[in-house]
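Position 1 is the first residue of the sequence, and the numbers go up from there. As the structure lists them, so they are numbered: ligands from 1, and atoms in each ligand from 1.
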Amino acid sequence: MEGTAFQTADGTLIPAVTADEMREIDRVAVDDVGLTLLQMMENAGRNLAGRVLERDPERVAVLAGNGGNGGGGLACGRHLANRDVSVSVVLDRSPDALDGAVSTQYRILEGMNVSVTTSDASDVCSEADTVVDSLIGYGLQGAPRGRTQDLIDLCNDTETPTVSLDVPSGLDATTGERPGLLVESDEILTLALPKTGLRETESRLYLGDVSIPRIVYERVGIEYETPFRESYCVAVER
Ligand SMILES: NC(=O)C1=CN([C@@H]2O[C@H](COP(=O)(O)OP(=O)(O)OC[C@H]3O[C@@H](n4cnc5c(N)ncnc54)[C@H](O)[C@@H]3O)[C@@H](O)[C@H]2O)[C@H](O)CC1
Ligand SMILES: [K+]
């Protein structure tokens with residue numbers, strides 16, 4: 001496991017993990033403990049909504065990909081819309097391309113007063129108070145391509161502050177490299193444990209609890225002391 005490079009304000013050391021280690025943690029959480037991706041995704045989205053609500057937004061644009069990262073953003077959009085925030089979702093591909101937990105999160109929004117588009121998103125982002133970047137998380141494969149790349153470009157072109165889920169889209173969660181375009185985040189909410197690739201990033205960093213029990217970390221060989229005491233989201237110092 002990579003070295004510890006993160007801590008909370010009260011000095012609790014937090015181990016950092018690579019994308020592969022995070023995938024293994026997720027696998028053990030699901031296969032051994034019985035947590036579902038949808039549960040963890042819902043926790044991710046609720047923590048993200050909490051961070052965005054701190055900005056007291058009226059209008060939020062959610063840029064969503066088709067993986068777990070996108071699902072967290074869609075869940076966040078629901079929690080914001082439930083609080084009368086005007087939410088516009090921009091998908092980087094057709095809703096028909098969504099499946100599993102992400103599709104579940106999307107289908108709930110369809111019945112709500114949330115606008116969804118896969119086409120022109122520049123006005124949506126420029127008119128928003130906050131952009132949520134949930135295009136790609138630790139599943140990045142190579143330089144952002146196609147519509148996903150266009151949305152990263154567009155997100156960076158607007159002056160609207162952007163909150164990224166897990167890692168800024170386009171960042172290699174393990175190495176910190178940026179093979180192509182990269183979202184310039186105002187803030188990052190990473191999940192469960194900080195990713196090693198976040199060491200060199202400079203945005204404000206928060207860690208969100210997705211309810212993974214200590215026994216999972218122990219099974220994958222990580223000494224874990226919860227950084228979450230009375231809160232579900234903590235500021236993290238590099
Ligand atoms: N325990 C946890 O921390 C949990 C985290 N969650 C979130 O899930 C993502 C990881 O989900 P995954 O489906 O594996 O991958 P991503 O969503 O990161 O991205 C996959 C998606 O992105 C597209 N993509 C990948 N590379 C490119 C590229 N170069 N250009 C364009 N598009 C690309 C591809 O289509 C993939 O489908 C993690 O980061 C967290 O945010 C879970 O929600 C719950 C547990
Ligand atoms: K992201």
Peer 1: Take Thr130 and Thr162 through the test side-chain contact (heavy atoms from CB on, under 4.5 Å) and record every step on the way to the result.
Peer 2: CA-CA 6 Å; Thr130 305; Thr162 300; over 6 Å; no
Peer 1: Flag the pair Asp20 and Arg23 as a salt bridge only when some basic side-chain nitrogen lies within less than 4.0 angstrom of an acidic carboxylate oxygen.
Peer 2: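 A salt bridge is present here (some side-chain N lies under 4.0 Å from a carboxylate O).
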Peer 1: Name the closest protein heavy atom to atom 26 (N) of ligand 1, giving the residue it belongs to and the distance to 0.1 Å.
Peer 2: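 That would be Gln141 N, 2.9 Å.
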Peer 1: For the K ion (ligand 2), decide whether Ser164 has an N, O or S atom at a distance under 3.4 Å.
Peer 2: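 Under 3.4 Å: Ser164 has no N, O or S contact with the K ion (ligand 2).
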Peer 1: Regarding Asp186 and Arg55, does a basic nitrogen lie under 4.0 Å from an acidic carboxylate oxygen?
Peer 2: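 Yes, charged N to carboxylate O under 4.0 Å.
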Peer 1: Which residue supplies the protein heavy atom nearest to atom 30 (N) of ligand 1, what is that atom called, and how far is it?
Peer 2: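 Closest protein heavy atom to atom 30 (N) of ligand 1: Arg145 N, 2.9 Å.
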Peer 1: Out of Met40, Arg93, Met41, Gln105, whose heavy atom sits nearest atom 45 (C) of ligand 1?
Peer 2: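 Nearest heavy atom to atom 45 (C) of ligand 1 lies in Met40.
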Peer 1: For Tyr217 and Ile25, run side-chain contact (heavy atoms from CB on, under 4.5 Å): C-alpha distance rounded to whole Å, both residues' side-chain angles, the deciding distance at 0.1 Å, then the answer.
Peer 2: CA-CA 7 Å; Tyr217 295 114; Ile25 290 165; 3.9 Å; yes
Peer 1: Just verifying a value: how many Å separate Leu91 CG and Leu98 CG, rounded to the nearest 0.5 Å?
Peer 2: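 So the gap between those two atoms works out to 6.0 Å.
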Peer 1: Are any N, O or S atoms from Asp133 nearer to the K ion (ligand 2) than 3.4 Å?
Peer 2: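 It does; at least one qualifying atom falls short of 3.4 Å.
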Peer 1: Any N/O/S atom of Ile136 sitting less than 3.4 Å from the K ion (ligand 2), backbone or side chain?
Peer 2: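 Within the cut-off used here (under 3.4 Å), Ile136 does place an N, O or S atom near the K ion (ligand 2).
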Peer 1: Just wondering, do Val163 and Asp133 contact through their side chains at under 4.5 Å, heavy atoms?
Peer 2: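 Side-chain contact under 4.5 Å: no.
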Peer 1: So Ser119 and Thr117, side chain to side chain donor-acceptor pair (under 3.5 Å) or not? Walk me through it.
Peer 2: CA-CA 6 Å; Ser119 55; Thr117 177; 2.9 Å; yes
Peer 1: Which is it for Thr190 and Lys195 under the side chain to side chain donor-acceptor pair (under 3.5 Å) test, yes or no, and what are the steps along the way?
Peer 2: CA-CA 8 Å; Thr190 197; Lys195 309 308 176 285; 3.3 Å; yes
Peer 1: Please find out if the K ion (ligand 2) and some N, O or S atom of Val167 are separated by less than 3.4 Å.
Peer 2: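 So Val167 does bind the K ion (ligand 2) by this criterion.
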Peer 1: Tell me, which protein residue and heavy-atom name are nearest atom 38 (C) of ligand 1, and how many Å apart are they?
Peer 2: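 In this structure, atom 38 (C) of ligand 1 has Asp166 OD2, 3.3 Å as its nearest protein heavy atom.
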Peer 1: Using a strict threshold of under 4.0 Å (side-chain N to carboxylate O), is an ion pair present between Arg219 and Asp32?
Peer 2: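 Here Asp32 pairs with Arg219 in a salt bridge, since their nearest N and O are under 4.0 Å apart.
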Peer 1: Is it the side chain, the backbone, both or neither of Ala143 that has a heavy atom closer than 4.0 Å to ligand 1?
Peer 2: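 The answer is the backbone.
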Peer 1: Does Gly72 have a heavy atom less than 4.0 Å from any atom of ligand 1?
Peer 2: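 Gly72 does not count as a contact of ligand 1 under the 4.0 Å cut-off.
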Peer 1: Going by the order shown, which atoms of ligand 1 are within less than 4.0 Å of some heavy atom of Pro144?
Peer 2: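 Once the distances to Pro144 are compared, the set is 28 (C), 29 (N), 30 (N).
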Peer 1: With side-chain contact (heavy atoms from CB on, under 4.5 Å) as the criterion, how do Asp26 and Met40 come out once you've worked through the C-alpha distance, each side chain's angles and the decisive distance to 0.1 Å?
Peer 2: CA-CA 9 Å; Asp26 283 346; Met40 294 192 279; 4.2 Å; yes
Peer 1: May I ask you to check whether Gly139 has an N/O atom sitting below 3.5 Å from an N/O atom of ligand 1?
Peer 2: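 Gly139 vs ligand 1: N/O contact under 3.5 Å present.
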Peer 1: Please check this pair: side chain of Ser231 against backbone of Val234, looking for a donor-acceptor N/O pair closer than 3.5 Å.
Peer 2: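 Looks like no, no N/O pair under 3.5 Å.
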Peer 1: Hey, is CD on Glu127 packed in by over 12 heavy atoms from elsewhere, all under 6.0 Å?
Peer 2: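 More than 12 within 6.0 Å, yes.
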Peer 1: May I ask you to list the atoms of ligand 1 that are less than 4.0 angstrom from any heavy atom of Gly67?
Peer 2: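 Answer, ordered by atom number: 13 (O), 17 (O).
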Peer 1: Would you mind running through ligand 1 and noting each atom that sits below 4.0 Å from a heavy atom of Met22?
Peer 2: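 Listed by number with element: 1 (N), 2 (C), 3 (O).
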Peer 1: Please state which option from Asn69, Leu181, Val216, Asp26 has its nearest heavy atom closest to atom 41 (O) of ligand 1.
Peer 2: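 Comparing heavy atoms across Asn69, Leu181, Val216, Asp26, the nearest one to atom 41 (O) of ligand 1 lies in Asn69.
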Peer 1: Might you work through the side chain to side chain donor-acceptor pair (under 3.5 Å) test for Ser185 and Ser164, ending with a clear yes or no?
Peer 2: CA-CA 6 Å; Ser185 315; Ser164 287; 2.7 Å; yes
Peer 1: Which heavy atom of the protein is the closest neighbour of atom 5 (C) of ligand 1, given with residue, atom name and distance?
Peer 2: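 Ranked first by proximity to atom 5 (C) of ligand 1 is Leu191 CD1, 4.0 Å.
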Peer 1: So, 3.4 Å as the limit: is an N/O/S atom of Asn69 located closer than that to the K ion (ligand 2)?
Peer 2: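 Yes, since at least one N, O or S atom of Asn69 sits under 3.4 Å from the K ion (ligand 2).
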Peer 1: Kindly determine whether Thr148 and Arg145 satisfy side-chain contact (heavy atoms from CB on, under 4.5 Å), including the steps that lead there.
Peer 2: CA-CA 6 Å; Thr148 313; Arg145 299 177 297 277; over 6 Å; no
Peer 1: Among all protein non-hydrogen atoms, which one is nearest to atom 32 (N) of ligand 1, and what is the separation to 0.1 Å?
Peer 2: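 Protein heavy atom at minimum distance: Thr148 OG1, 3.7 Å.
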Peer 1: Taking 3.4 Å as the cut-off, does Val183 contribute an N, O or S atom near the K ion (ligand 2), distance below it?
Peer 2: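 Coordinating: no.
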Peer 1: Please report the shortest heavy-atom distance between Glu237 and Ala9, naming the atom on each side.
Peer 2: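 That would be OE2-CA, 3.6 Å.
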Peer 1: Can you list the atoms of ligand 1 that are under 4.0 Å from a heavy atom of Asn66?
Peer 2: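 It comes down to these atoms of ligand 1: 21 (C), 34 (C), 35 (O), 36 (C), 37 (O).
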Peer 1: Going by the order shown, which atoms of ligand 1 are within less than 4.0 Å of some heavy atom of Gly137?
Peer 2: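 Matching atoms, with element in brackets: 16 (P), 18 (O), 39 (O).
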Peer 1: Indicate yes or no: does an N/O atom of Gly68 lie under 3.5 Å from an N/O atom of ligand 1?
Peer 2: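 N/O-N/O distance below 3.5 Å exists for this pair.
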Peer 1: Tell me: protein heavy atom nearest atom 14 (O) of ligand 1, and distance?
Peer 2: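 Answer, as residue, atom name and distance: Tyr138 CE1, 4.1 Å.
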Peer 1: Is the closest N or O pair between Gly142 and ligand 1 shorter than 3.5 Å?
Peer 2: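 It does: an N or O of Gly142 is found under 3.5 Å from an N or O of ligand 1.
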Peer 1: Number the atoms of ligand 1 from 1 as they appear, then name those within less than 4.0 Å of a heavy atom of Ile212, with their elements.
Peer 2: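 Near Ile212, the atoms of ligand 1 are 1 (N).
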Peer 1: Any atom of ligand 1 sitting under 4.0 Å from a heavy atom of Asp92?
Peer 2: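 Not so, Asp92 does not reach ligand 1.
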Peer 1: Below a 4.0 angstrom heavy-atom separation, can you tell me which part of Ile136, side chain or backbone, both or neither, approaches ligand 1?
Peer 2: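 It is both parts that get close, each with some atom under 4.0 Å.
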Peer 1: For atom CG of Asn113, decide whether the heavy atoms of other residues, nucleotides or ligands shown that lie under 6.0 angstrom number more than 12.
Peer 2: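 Not more than 12 within 6.0 Å, no.
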